[in-house]
Amino acid sequence: MKKNVILILLFTISIMPLQASDILSGLVKRILPDHEEQFIFQQIKSPKGKDFFEITTTNKKIHIKGNSPVSLASGFNWYLKYYCHASTSWCGNQLQVPKELPRPNTKIKKETSLPIGFYLNYCTFSYSMAFWEWEEWEKEIDRMAMNGITTPMAMVGVECVWRNTLSRLNYSEDEIKNFIPGPAYMGWFLMGNLERMGGPLPDSWFTRQEKLQKRILARMKEYGMSPVFQAFFGMVPTNLQNKYPEADIITQGKWNNFTRPSVLNPTDPLFEKIASIWYEEYEKLYGTAHYYGGDLFHEGGNIGNINVTEAAKCIQKAMHEAAPNSIWILQSWGGNPTNDLLTGLSKKHTLIVDLCAEYWDRWNERNAFGGFPWIWANITNWGGNIGLHGRLNAIASEPIKARNSTAATYLKGIGNVPEGIGTNPVAFDLACEMRWRDSVPVMNNWLHDYATYRYGKPDKTLNKAWEILYATAYGTYKGHRRPSESYLCARPSLKVRTVSAWGSARIYYQENKYEEAVRLFASAKNRFKGHDTYEYDLVDFTRQLVANKGRTTYKKIIQFYKNKEKDSVALYSERFLELILLQDKLLSCRPELCVSNWINQARKCTNNITQKDLMEFNARALLTTWADAPGQLTDYAHREWSGLLRDYYYPRWKLFFGWLNHSMKGEQLPEPDYYPIEKKWVHSTQQSTIPNINLYEIVEKCLNFK
């Protein structure tokens, strides 16, 4: 009997939820090992019903109070930044802190009336996270909590739900794997844009993803986050019609040359059956959620005979039967969500994420979408491109504009929804802080604080550099939605205007002023040598300078070509090629900026050689041709990464300049076909070597390049 009591007691202890203090202690141990004993974390109910954190000193310890683990983690991050001059980011960490941490002399309290910190974009799961292991996810979830993220998208492992659902609809394993794409394309699959591309996936991938998602969800729930699951909104395989010929299934045509999955009319009786299976299988694997995302007719599609208002009612009804009172999250993108769709929805159970609100004003134009709860969300990054970009003034001022508008009644939070992460940490930090701020910060003052916690100590030279960066690369300009793309990455031609479709290579600021900022920044090297974040930014800022020089050099080449100045064309063509190789060497100084890092992530996903090659194909194709043939999306996800510049962009430009040389001699030759070079790289499995380069010597060469 005594033995049974002990077993029951042990079992009870093992299933008890972690206390907030335990969760936060684990966070501190991961971020600042051996400092956890210096903190007291206390979760208390908010007297005003708002998210809040409070930082004080109690019994010579840093005492952080908050209403939730995320609020406590946000308080810990605020303390790190503004008391310890320390910070974490995708782009280096500054965690050089004293053994005895500073104690706050006065109480700091932050609270927000916005309950939601929303995070991620379907595209992020492909452009950045496609091959992540738990090691990357653990760091990212910690970063989420520290930056006030309450509501992250959680799309890992959805392919397992699809597999289980389709198996109950009489699909064979081969048919299922012919529908589900590879990891690099999962984001667009979930948005109803494509199927199959990058597959078929091996059995081991499903096992891996299920295990990983369960671990992700467990950590998110420890922090009290509300993950966003995938809704069933009618997307079905194009061949479902063969199995259910009586069903009302509408083909969706093409999305950028890809065949889109079909849409099962939500008013058809088969919809209710499949939705029921979908949510049952989701619950078996991962439980239920409070939030479900999914968009009908994203970036096009065919409505056919669907009554969109009635369809919306059916989709939400099926969702509520599986998860009562759950909320459907919709993306505001283009004309979506349409008024017809919104008419069929319960406002209480719908949340609209206004994508790219740092540029567009859809929430204002549509008057809070007719009175629906909504999120102000910042994209900043497109396709994982790494050009310096962040409309900092807009990111700081637009959320405040929203909070003071007639739409404020319906505003529920601030979101970060980048297509890719791992770039421009300043934009992410500022956007996350705006959930805790109710007025626009004085930007130069905020940037001085940012530079202090980013690099570990205050410095007048770095402050001045950041003031100029704010006035140049990080400025807010009319028409400047995306980063200025690098000509070094462009598909060569006599009329390069952009690198990617919908992109822009225009530079909106004074290039000489930007160069002044980089030189100022580099001049602080003796005081910051060895600081991880300083060295990352030194590489990144210098990279942008080299990219700008590439643009200027290209313009000269084209002008010389028009003027028939053969020797000048040859001279500047060589200089352009030198810039590509110089850029490649510069970027090799940071592993985050090497294509080998991305490819190695992909190959580590499996132990099977054939499957490793499939994963590597996914990784390589997404960045370049995007698919298995050239099309409108070619180079959409271009990256200024070491290895990619040398082995992919350089050969294209070398071929172009060879053709240009023959053309200057009067030889009538067609402009080169670059696809054979692209295809060869995409299907290669050759390892990209990383040269041993001295960071400060290569920066000096970049600064002095004429």
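In this model, no donor atom of one side chain and acceptor atom of the other lie less than 3.5 Å apart for Glu485 and Ser504. For the residue pair Glu671/Trp659, the side-chain donor-acceptor check at 3.5 Å is not satisfied. Between Ser663 and Tyr561, the side chains place a donor N or O and an acceptor N or O closer than 3.5 Å (distance only, hydrogens not considered). A donor-acceptor pair shorter than 3.5 Å can be found between the side chains of Thr423 and Asn381. Between Lys254 and Thr259, the side chains place a donor N or O and an acceptor N or O closer than 3.5 Å (distance only, hydrogens not considered).
For the atom pair Asn147 CG and Glu140 CD, the distance stands at 9.0 Å (nearest 0.5 Å). Of the inter-residue distances, the one linking Thr542 atom OG1 with Lys701 atom NZ reads 14.0 Å to the nearest 0.5 angstrom. Note that the OG1 atom of Thr624 and the CZ atom of Arg652 stand 8.5 Å from one another [nearest 0.5 Å].
Figure legend: Lys457 and Phe528 shown as a cation-pi pair, the cationic atom lying under 6.0 angstrom from the six-membered ring centre and within 45 degrees of its axis. By the 6.0 Å and 45° rule, Arg454 does not stack over the aromatic ring of Tyr450. A cation-pi contact, defined as under 6.0 Å to the ring centre and within 45° of the axis, is absent between Arg260 and Phe258. Phe705 does not carry Lys549 over the face of its six-membered ring by the limits of under 6.0 Å from the centre and within 45° of the normal. Geometrically, Arg481 engages Trp382 in a cation-pi contact defined by less than 6.0 Å to the ring centre and at most 45° from the axis.
Between Leu644 and Tyr649 the shortest side-chain heavy-atom distance falls below 4.5 Å. Using a 4.5 Å heavy-atom cutoff, the side chains of Arg491 and Asp635 are in contact. Contact check for Leu571 versus Lys566: no side-chain heavy atoms found under the 4.5 Å cut-off. No side-chain heavy atom of Trp90 sits under 4.5 Å from any side-chain heavy atom of Lys139. Side-chain contact between Tyr514 and Leu469 is present, with heavy atoms from C-beta onward closer than 4.5 Å. Residues Met186 and Phe125 fail the side-chain proximity criterion, which asks for heavy atoms closer than 4.5 Å.
One finds no salt bridge joining Glu616 and Lys612 here, because no Lys/Arg side-chain nitrogen approaches an Asp/Glu carboxylate oxygen to under 4.0 Å. Between Arg208 and Glu133, at least one side-chain nitrogen of the basic residue sits less than 4.0 Å from a carboxylate oxygen of the acidic one, meeting the salt-bridge criterion. Here Glu433 pairs with Lys81 in a salt bridge; the nearest charged N to carboxylate O distance falls below 4.0 Å.
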Start with the C-alpha gap between Glu358 and Arg391, add the side-chain angles, then the distance that decides, and say whether salt bridge (charged side-chain N to carboxylate O under 4.0 Å, His left out) holds.
CA-CA 7 Å; Glu358 80 278 13; Arg391 296 165 56 83; 6.0 Å; no
side-chain contact (heavy atoms from CB on, under 4.5 Å) between Glu467 and His448, worked out:
CA-CA 8 Å; Glu467 289 175 14; His448 294 171; 2.7 Å; yes
Checking side-chain contact (heavy atoms from CB on, under 4.5 Å) for the pair Met146/Thr88: CA distance, chi angles, key distance, verdict?
CA-CA 9 Å; Met146 292 169 67; Thr88 65; 4.1 Å; yes
Could you walk me through whether Tyr534 and Asp459 pass the side-chain hydrogen bond (donor to acceptor under 3.5 Å, both in side chains) test, one step at a time?
CA-CA 12 Å; Tyr534 174 77; Asp459 186 270; over 6 Å; no
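Smallest separation of non-hydrogen atoms from Leu703 and Val518: CD2-CG1, 3.9 Å. Minimum interatomic distance between Gly422 and Tyr536 (heavy atoms only, all atoms of both residues): O-OH, 3.6 Å. Contact detail for Ser126 and Pro183: the closest heavy-atom pair is OG-O, 3.5 Å. Across Tyr127 and Gly420, no two heavy atoms sit closer than the pair CB-CA, 4.3 Å. The two residues Ile421 and Trp132 come nearest to each other via the heavy atoms CD1-CH2, 3.7 Å. In plain terms, the two heavy atoms of Ala473 and Tyr509 that are nearest each other are CA-CE2, 3.6 Å.
Taking the six-membered ring for Trp and thresholds of 30 and 60 degrees, Trp653 and Phe576 have ring planes inclined between 30 and 60 degrees apart.
A 6.0 Å sphere centred on CD of Gln686 holds no more than 12 heavy atoms belonging to other residues, nucleotides or ligands.
Put simply, the residue from Leu392, Leu447, Asn393, Thr380 that forms a side chain to side chain contact (heavy atoms under 4.5 Å, CB included) with Leu430 is Leu392. Exactly one residue among Asp537, Asp540, Asp532 makes a salt bridge (charged side-chain N to carboxylate O under 4.0 Å, His left out) with Arg590. That residue is Asp532.
A donor-acceptor pair under 3.5 Å links the side-chain atoms of Ser89 to the main chain of Gly92, judged by distance alone. Under a 3.5 Å cut-off, the side chain of His480 and the backbone N or O of Arg482 do form a donor-acceptor pair.
Ring centroids of Trp446 and Tyr470 are separated by 6.0 Å or more, keeping the two rings apart. Taking the six-membered ring for Trp and the full ring otherwise, Phe521 and Trp466 have centroids separated by 6.0 Å or more. Ring to ring, Trp626 and Tyr636 are not that close: their centroids are 6.0 angstrom or more apart.
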